[in-house]
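Below is one structure, written out as structure tokens; the observations come after it.
First the proteins, then the strands, lettered A, B, ... as listed; each starts at 1.
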Amino acid sequence: MSRRGRIGAKMGSELVRSAALAGAIALTVTAYPSRGNAQSLLAADGLGLLSEPLDARSRALGGAGIGLSGSYLTERDPAASAGLLLSTATMTFQTGASSIEGGETAGHTRFPNIGVSYPYGGNVFAVRVASFLDQEWEAVSEQTLDIGGRSVNSVDRFRSTGGIARVTVGWSRQIVQSLSAGVTFGTYAGTTRRTFSRSLDPETVGSGVEAFTSGLRLQASGIVVGAGLGWDPIPLVHVAGAFTWSDDLKLSPSEGTAGREGVYRMPLELRGGGTVTLTSGLALHLGVTYADWSDTGADLAVGTTRDSAWSYGGGLEWSGGTLLGRTVPIRIGARHRDLPFDSNGDRATERSLSGGLGFDLVETETLPLARLEFGVERGSRKAGPLTEDYWRTTASVRVAAG
Amino acid sequence: MRPPVWFLATIAVAVGSGCADAVPTSSDGGRIPVDAETIEVRLPFSSFARDYQILSGFQSPAEVPTLTIAHEWAGELESRPVIRFGSLPDVVNVIPPGSTTGAQPDSMFQPVSGKVILRLDTLGLGEQRFELEADAILTPWHSETVSWELAADTLGGRLPWPEPGGGPVRPVDSATWFPIVADSVVFDIDSLTVTEWADADLPDRGLRVRTTTPGSRLSVRRLDLRVMVRSEINPDTLIQISANPGRATFIYTPTPLVSDTVLMVGGAPAARALFRIELPETVDPGPEACARVSCPVSLSADRLLFASLALRTFPTLSPGFAPVDSVAVQVRPVLAPPRLPRSPLSAPIQVAGPPLPPEWFSTEPQTPYEIGMTNYFRSLIQPDTTRGPGPSSTLAILADPEPSGLDVISFFGPGSEAAPELRLILTVTDGVSIP
């Protein structure tokens, strides 16, 4: 084997070990303290809880997933992948737990952002799977029914499981040194199961009483198109803007289940963000999104929406720290988000404080080959009398190879 | 390149601990986007059942685990066990006089005397005394078909007893039994009778037991014949041996009364109630329920939460056959209705409940009793074709076990004031809607 070959093999081996280490750390850190993905009872309203496909870095910086420095692979910023010179795979793993006031703590696990990119001839092609709507929730009601003149205890249970994601293919390219562009095209995907059951007390009804169950399984579909630009007007400033346009979201009953199709108009979503390098190693990041959900609200069978839903936040990233010879960026951030679907007629909002770290596990002089990002959020959601506090941990692993 | 073991282990631990699922749950019933109404419907027997009939003659008293002795029980019941003992062992082992080599088989032994030991159920008998008689049967009889009137009732012909009730007989012994003193009665048997009973070629051999105490009803749990035999190779030696198990049954009179308006099961031979289910496509739950749901209500399997046959107990028509102990019933589909009464039955379909206490059929009539059959009716309405054909729509109600004894249990039947009903509980919704 030539010397170049030995160096390449050694580098590949180090990359595998580092990727494994990154994955293990990410899984351990996110899995240990909490159970679940900051699920919310607000998922019961409208089409569900908007589940943004943010990676750990965006979460830590309180951002909107757009306008961060460097190159990365998210559905929120189609142009940001233009600088990925090596084939890259990224995955975000997220867990969390929500404490509902007067209720239980609930949690779940998600993979909100998964992507693969491949550069070719100055172009970068990517496939992404991004979370969109979380529809995991349950309501239980205990009551006494009058059945044939007898008082019978019963338990009604409604459970919604599943969610909706966006699967897209994308293209991006650096137009000039300071300007890049990207587009995405894809579809909604995912399945939601809605099940109602009523159980009667056998002590009062009689032995052999069975539960009543009725269910509906809905398959999501609909076209999604996005585009974005990234621009460095001066060397210390990076800004980006993007939009996502969507055809109607269709929820169609799966084969074998009865029910009618739901068709919902989706809003045009606008996003903007940017990063300013304040000092050597210190950067300020800001991001904002906007969408008008009024048309969607008109299509809902039950519930209302707010017209304008804003999301904004920002944070600081300090890259001066090192650990074991590696750069370890430290991040803090804060964020506000308007949730589009009202809860029993009350406007719903979400606020959070966040922080996080990054590790470049393998890097060349100019390129990180294996990177681990970690973010943790402490936030709350409010909608009228409903209050939820949540912890959410997010880990992203990015591995590149050429 | 293989991933390191520790990496895989970490993934396993992380997934196991981190992926625990807990859906956020609200106790606010207002969040449930389904409007469901649960109603009860009671269908009269005539609207869901066809071809009702009571069939008797299933099994025989010979299959009842206990024997009944009765005299003027409830003023009417006479019951007498008749027993045919098995043969004696072919050989006994005896040590010859002066032998030092051990026992030798002796097939020429001679019965000298015997004892019949009856073990009786003492439960609830108190300080009463009972006069019991043991008699030798003198007429050939058939243990499977014997009855009060007939010694045999086979395809070869019907042979009546010269005297109904197993007579004539030759008295063997009598005894007075005090339940508070002992649980057994012993009859002494002479050598001639023992020799007759031990001869398998004699069709008229057998023991008949009766009581002469009016108003008595006794249950024989166990019955043994023990014989003292004299050895031929050592005439000074008497040996006690037991007869091999034989056939035991009982004969009784009168036959339980039947009525078209009484649903009766049990007895020995046993009676079964049979009918065919023919459910309507829609049901009318009545004005109160119709104020909440759209009527008539379509009857579908997914709406059905509960289905039961609602019965009310009826005093047993023949008091002598009123239950003296708890009796269970079961409902089983008839697999081949055209072959009734010889059709096999399928497995019980109801959820096993507690047995019915005897007072329900004497001092506490009209007690409601329900037999839950939800899954059966769900399958009947919407058969699971992946598991083969649906269940038979013809049902048999019978005692469990069958036969369990002379006890006959009765319910108000079709056409009576408290005829059976089908109680259905249905939940009606417009289904789960889209968001």
Side-chain angles (χ1 to χ4, degrees), chain A residues 13 16-17 20 23-24 27-28 30-32 35-36 39-41 43-44 46-47 95 98 100 103-109 136-141 143 145 147-148 154 156 158-159 161 194-196 198 200 205-212 214-216 218 251 258-260 262 300-302, chain B residues 1-4 6-11 13-34 36-42 285 289 302-308 350-353 370-376 378 423 425-427 429 431-435:
Chain A
S13 175
V16 169
R17 282 200 305 273
L27 285 169
T28 304
T30 52
Y32 174 67
R35 301 176 310 146
Q39 287 193 114
S40 171
L41 210 48
L47 294 173
T95 70
S98 291
I100 301 162
E104 300 174 349
T105 298
H108 203 77
T109 304
E136 300 258 345
W137 65 282
E138 184 179 64
V140 178
S141 172
Q143 57 199 318
L145 303 175
I147 301 176
S154 80
D156 285 1
F158 185 89
R159 185 164 196 166
T161 57
R194 296 161 67 84
T195 308
F196 170 75
R198 170 169 286 178
L200 304 182
V205 174
S207 58
V209 62
E210 299 285 331
F212 171 83
S214 178
L216 181 63
L218 298 167
L251 297 179
R260 67 181 179 87
L300 289 174
V302 180
Chain B
M1 284 178 284
R2 291 186 310 165
W6 56 263
F7 175 59
L8 298 175
T10 304
I11 287 179
V13 171
V15 169
S17 61
C19 294
D21 194 6
V23 175
T25 303
S26 170
S27 58
D28 177 9
R31 284 186 176 270
I32 296 178
V34 176
E37 292 289 346
T38 298
I39 57 173
E40 180 183 273
V41 182
R42 284 183 172 267
D302 57 342
R303 286 179 166 173
L304 186 63
L305 276 69
F306 182 72
S308 69
Q350 91 279 24
V351 178
E370 290 194 21
I371 305 173
M373 299 185 288
T374 309
N375 283 329
Y376 168 76
R378 279 186 166 185
R423 180 176 166 231
I425 294 180
L426 307 168
T427 291
T429 75
V432 176
S433 63
I434 56 176

Legend entry - Part of A/A211 within contact of chain B (heavy atom distance under 4.5 Å):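 For A/A211, the contact with chain B is made by the backbone alone.
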Inset, instruction - Let me know if A/L145 has heavy atoms under 4.5 Å from chain B in its side chain, its backbone, both or neither. - result: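 Side chain only.
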Legend entry - Per-residue contact mode, B/L305 against chain A (heavy atom under 4.5 angstrom):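 Its backbone and side chain both get close to chain A.
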Inset, instruction - Grab the two heavy atoms, one from B/G431 and one from A/S214, that are nearest each other, plus how far apart they are. - result: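 Heavy atoms of B/G431 and A/S214 come nearest at CA-OG, 4.0 Å.
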Inset, instruction - Look at A/G148, A/A139, A/S141 and state which one has the largest set of heavy-atom pairs under 4.5 Å with chain B. - result: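 Answer, by heavy-atom pair count under 4.5 Å with chain B: A/A139.
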Inset, instruction - Show your reasoning for whether side-chain contact (heavy atoms from CB on, under 4.5 Å) applies to B/V34 and A/F158. - result: CA-CA 8 Å; B/V34 176; A/F158 185 89; 3.9 Å; yes
As an exercise: rank [options] by heavy-atom pairs under 4.5 Å with chain A and give me the winner.
options: B/T374, B/T427, B/V41; result: B/T427
options: B/A289, B/G30, B/A36; result: B/A36
options: B/P33, B/G29, B/P285, B/A307; result: B/P33
options: B/N375, B/D28, B/I39; result: B/N375
options: B/E370, B/R378, B/R423; result: B/R423

Legend entry - Non-hydrogen side-chain atoms of A/L251 and B/P435 separated by less than 4.5 Å: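 SC-SC contact between A/L251 and B/P435 confirmed.
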Once you round to the nearest 0.5 Å, how far does [atom1] of [X] lie from [atom2] of [Y]?
X: B/T38; Y: A/R198; atom1: OG1; atom2: CZ; result: 3.5 Å
X: B/D302; Y: A/F212; atom1: CG; atom2: CZ; result: 6.0 Å
X: A/R194; Y: B/I434; atom1: CZ; atom2: CD1; result: 8.5 Å

Inset, instruction - With side-chain contact (heavy atoms from CB on, under 4.5 Å) as the test, would you mind laying out the steps for B/I425 and A/V209 before giving the verdict? - result: CA-CA 9 Å; B/I425 294 180; A/V209 62; 5.9 Å; no
Legend entry - More than 12 heavy atoms of other groups within 6.0 Å of B/R42 CZ: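 Atom CZ in B/R42 is crowded, with more than 12 foreign heavy atoms closer than 6.0 Å.
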Inset, instruction - Kindly determine whether A/D156 and B/I32 satisfy side-chain contact (heavy atoms from CB on, under 4.5 Å), including the steps that lead there. - result: CA-CA 8 Å; A/D156 285 1; B/I32 296 178; 3.9 Å; yes
